[in-house]
Structures are given as structure tokens and as C-alpha cells.
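Accompanying notes for the structure given below.
Letters go in sequence order (proteins before strands), and every chain restarts at 1.
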Amino acid sequence: MSNSLVIARKEFKDILHSGIFLTVLLLLLALTATSVIVSSFVFKSQVDSYQSSLHILKELGKQPGGPQPELFPLNLLRGVIDYLEIVGAILGILLGSLTIAREKNTQTLKLILTRPVSRKDLLFGKMLGNAVFIGIVLVFVGSFALLSLVFVAGAALTLTEAAKLLLVLAISWIYIMAFFSLAAFLFLSMRSLSNALIVAFTIWMVFVLILPQIGDTMDPDNQVPGGFFNSIYFNKEQEKQVLAKFSSYETARNFIEELSVTKNYERTVFALLGIKPEFNGMQVPDILGQKLFDILVVMLFFAAGILADYSVLNKKDILVWD
Amino acid sequence: MKYSKNPSEKQFIIDVRSLSKKYGDNFAVDGLNLKVAEGEIFGFLGHNGAGKTTTVNMLTTLLQPTSGGAFVAGFDILKESVEVRKRIGYLPENIQLYDSMTSYENLEYFAKLSGISKPEESILQVLDFLDAESYRDKKISALSKGMRQRIGIAQAILHEPKVLFLDEPTSGLDPFGVKQLRDTLLRLNKEQGMTIFMNTHLLSEVTKTCSTIGVLSHGKLIHSDSLVNTMKRFNDESSLEQVYLTIEEGHYEK
């Protein structure tokens, strides 16, 4: 067995034996369950209500006037994505920090590095072990969501919808791994582990909470309490008049959102799940084409994390201090 | 075998040449030249912050020297670090190992990383050698400091290294643990011919264990000789402690 696989196997076993991660997994599943099951009931009641209306019309000897309403079951996963954005990023940070912090605290990192193990093997092994774990968590979440859709909502997924769900899980995996590699970088490069944790969670707060929140608040579509225009008591018409005079408003809002990898992730998966109505019924390649920039940002964030981890691992002095 | 040799053909398994490590404007190790012959137990002495651990970190390929270099077991620590690592064992100060794993699982992990093809056989042999078979299935978290140290030694010698580096191995051990460690090191040296390079503060142990000593002060080697010669040279002094203090003070006067 190669050194990477030896390290990956141990890493995976460590996570499984750790109570913290079982807790995170259960939390994520509970949130998924709550979100999907509630949405599924709403979906089912909409279907039932439509069916019963049809039945009444038929009994009255009438035909439905309008077209049959289109229902998109993948829309029900919106809540799951909201949780994955937040808890998934925390999971990535926790895994990335603990994988390094544990080895530093116990001095076992020194032991590994005095074995004929290349630093590339060490990095690859640690990433592989954690990647498999994150993959399993996502498979659990995805399967749970799928079962809820089928059995609670009574929705039958088409092959295209199933493919979209798989793509959502794949992008979610990259998103969580990006936070993993970021945390690993901070814990490798910073001498104080507590400072590294503070920096990691500050970055999490900025990317996951603050920037998306600013973007949402400024969103002209967001005529809800807390929305910018709603807060200053501008209705939709007044809002349009104001925006017509500030052509750069939307550009600025978009720029702020683009700064957050979470928003790039959200835009991609929301498009795939059809949460933005214009993407419903669109073919997968077309959606991916439209969201290419967002997908690339998420992937680049992950790639940059791996490169940063690798470069810091190769700076020998960073790993040892006495 | 590429061990460096002196004119009298004595083999030096550790050959340090003008090794320096600088942090900012300060030299942690400053132009260190040192030779340790094969089969010796070398005691590396010095005050806190003298540069002992930094030296060991460089010799074990953990740290990159600022300048100079060294050969360990005949291999260049800079250009042939993997070959060096195949031939050394290392036990850092206050080793904790993986708490949630048993002794056996810890040893198996390091055996695999050392490329040992039959880990079980090696582990059983080492545990037997260290008289530690009874700890085999105990979790590290359940072991005392002394027991843990023995498993730490076990991981360091599993792959039968030529040189064993120990950093303050007696730190935190009770007298019984210190004696056990001493007996183990002497047996390793005698029965397996293993060269041992030991950073230590415990001068009483040096007299009982080491054949050669080196004294480092502020990153510079201020003394290196066999223990017998050292004691002869300072024959007015009653103990190694007195000798050590005289060497250190003499250096400061310079």
C-alpha cells in the first residue's frame, strides 16, 4: 500500500472514531430531513390540491381552463443547499484544522516527516481520507433528500433531474473540500493554532455570511423585510426609478456577491435545482455553460487551496519550531 | 557504504560540516562541525536555547539549514533526505503518539510508513525487545508517561535504523523510567550496534550512558570528546556537572 493510502486510511478511521464528526453528520442529516420533509409535504399538498380541483371540475362537467401547473421537485432542496453552504463550510474547516492540529499537538507530524514519506504523499493522503469522508456525508444527505422526495413528496425524478442532483452533490463536495484546504493551509502556516482557528472562522464568516448577506440585501428582487429597498420604504415602482439612475448598482452588487465562493456555489446549484425559474426545464449542459464562471471560481478556490497547502508543506521550516 | 572517514579509517556515521541555522538576525546553530563515530552513544549537551533541538531537526531532515550541511549514515541531508530518513529513527521530546489508537496500531502505522513489508513480525520483535508486549493492545491514552516513551522508542527502532536521534528522552520520566530507558539504549547500542545521538540535560545519565559528548553553547560547539578524555582533561573536577559548568563558563569568558 502506498504511503498516501496508508495516511488516507488512518485519516478516515480517525474521523469515523471522532465524536465531533458523528455529531456534525447527524446535525446535517437532521437539517436535511427537516428541510426536505417539510418542503415535501408542502409539495404534496400542492399536488393534492390541484388534483382535487381537477376532480371537482370534472364532477361539474368542466375542463380546466389554464395549463397544468409545472412542479419541479428539485426546488424542494433549496433549504438543504442553505444548510450545506453554512454547515458544509464549517465541516470543511473543522476537518482541515483538526487534520493538522492533532498532528502538531502530538508531535506525530515530526515523526511522519522523519519517515521516507514525501510531503506530497502526506498532503495527498490527508486530502484523500477527508475527501472520502465528505463524499460519504454528501451521499447520505443526497440519498436522504432523494428518498424524502420520492416517498414523502411522492415526486418521481426524471433521469435529467437525477443527473442534476448528482452534479449538485459533486459541486458541494468541491465547495466543502475548498474550505478543508483553506483551513489546512492556515493551520500549516500559522504558528498559533488558536490564531489559525480565529482566521479560519473569520474567513468563513466573510465568505459564507457577510458577503452573501450584503448581496441579498441589495438584491432588487428581494422586496422582503431586511431588503435594502424595503427598509427605506420604496415599493417596486420607486425602486425601478431609482435603479434606472444608477446603472452601476447591479454591477456593484454582483461584484460583491462574486467575491464570495459561497455565492458562486449557491448560484451554480440553485441553477441546477431550478430554484431560479429561468433555469427550470433547461438542459444540463446549457445550465453548466451559463454558470461556467461560478463553477470555475469554486474549482479555482479549491485548486488554490491545494497549491497553498502544497507550497507550505514544502517550506520545511514552517512545520517545525521549538 | 558512503560513510565519511577520517585518516585513521574510523567511520563517522554523522558528519556535520559548517552547519548553520539562522532565524532573523540570530544564529540558532552557528557553523557547527561535528563528527560522531558509528556505534557511539553521543550526548549532546547545552543550555536551553543552545541550538540542540535545531541541530537534531536539521540532521533528521525536518529543517532546512541556512548554510553548511551534514552527512548522516553516509547520505547528504539536503540532497538525499529520503535515504537519510530510511536510516534514522527519531523520538522528539514529549512524544504523545495517537491517543485513540492502541500501541500496536500506532506501531503498525509507522511501520507501514517506513516501508516495512511485514509489520506484525517487526512489531512483535520490537515489543519483545522492549519488554512491552503487555501494552500491545492498550490505547496510548491509557499508558503512563514511561510506557508511552517505550512505545515511542519502539516506533523509532521498528525499521532497524542505523542512527537513533533522541531529544530530551528522559524529560518527565520518573527514576524508574529513566533507568529503563538507559538500559534500553545501552542494549540497543550493544546488541544492535545502533548509534545513538541524544540531546539531554540530565548529566547523571550522560555519565552512565554516553561514550562521547559534545557541548553546544549559543549555537557553537565548544567541546567534543569522549567522556573518558573529557573527565581526564578536567581531572580537578569531581563530576560531569562540574566539568560541564567549567566548559560553559570557560566559553562565556572567551
Could you check if a side-chain atom of [X] sits within less than 4.5 angstrom of a side-chain atom of [Y], using non-hydrogen atoms only?
| X | Y | answer |
| --- | --- | --- |
| B:Leu113 | A:Ile7 | yes |
| B:Met101 | A:Lys13 | no |
| B:Lys112 | A:Arg9 | yes |
| B:Lys86 | A:Arg115 | no |
| B:Asp99 | A:Thr106 | no |
| A:Leu111 | B:Tyr109 | no |
| B:Tyr98 | A:Arg102 | no |

Take atom [atom1] in [X]; do more than 12 heavy atoms of anything else shown fall under 6.0 Å from it?
| X | atom1 | value |
| --- | --- | --- |
| B:Tyr244 | OH | yes |
| A:Lys120 | NZ | no |
| B:Glu160 | CD | no |
| A:Met299 | CE | no |

What part of B:Glu83 gets within 4.5 angstrom of chain A, counting heavy atoms only: side chain, backbone, both, or neither?
neither
Within the distance-only criterion (no hydrogens, no angle test), does the side chain of A:Gln107 pair as donor or acceptor with the backbone N or O of B:Gln96 below 3.5 angstrom?
no
Judged by modelled atom types alone, do B:Arg85 and A:Thr114 share a side-chain donor-acceptor pair under 3.5 Å?
no
So what's closer than 4.5 Å to chain B heavy atoms on A:Asp121: side chain, backbone, both or neither?
neither
When rounded to the nearest 0.5 angstrom, what is the spacing between CG in B:Asn106 and OG1 in A:Thr108?
8.5 Å
Let me confirm one number: the NZ-CG distance from A:Lys110 to B:Leu63, rounded to the nearest 0.5 Å.
8.0 Å
Closest contact, heavy atoms only, B:Ser114 versus A:Pro116
CA-CD, 4.1 Å
Largest heavy-atom contact set with chain A, pairs under 4.5 Å, which of B:Val84, B:Leu97, B:Val82, B:Ile88
B:Leu97
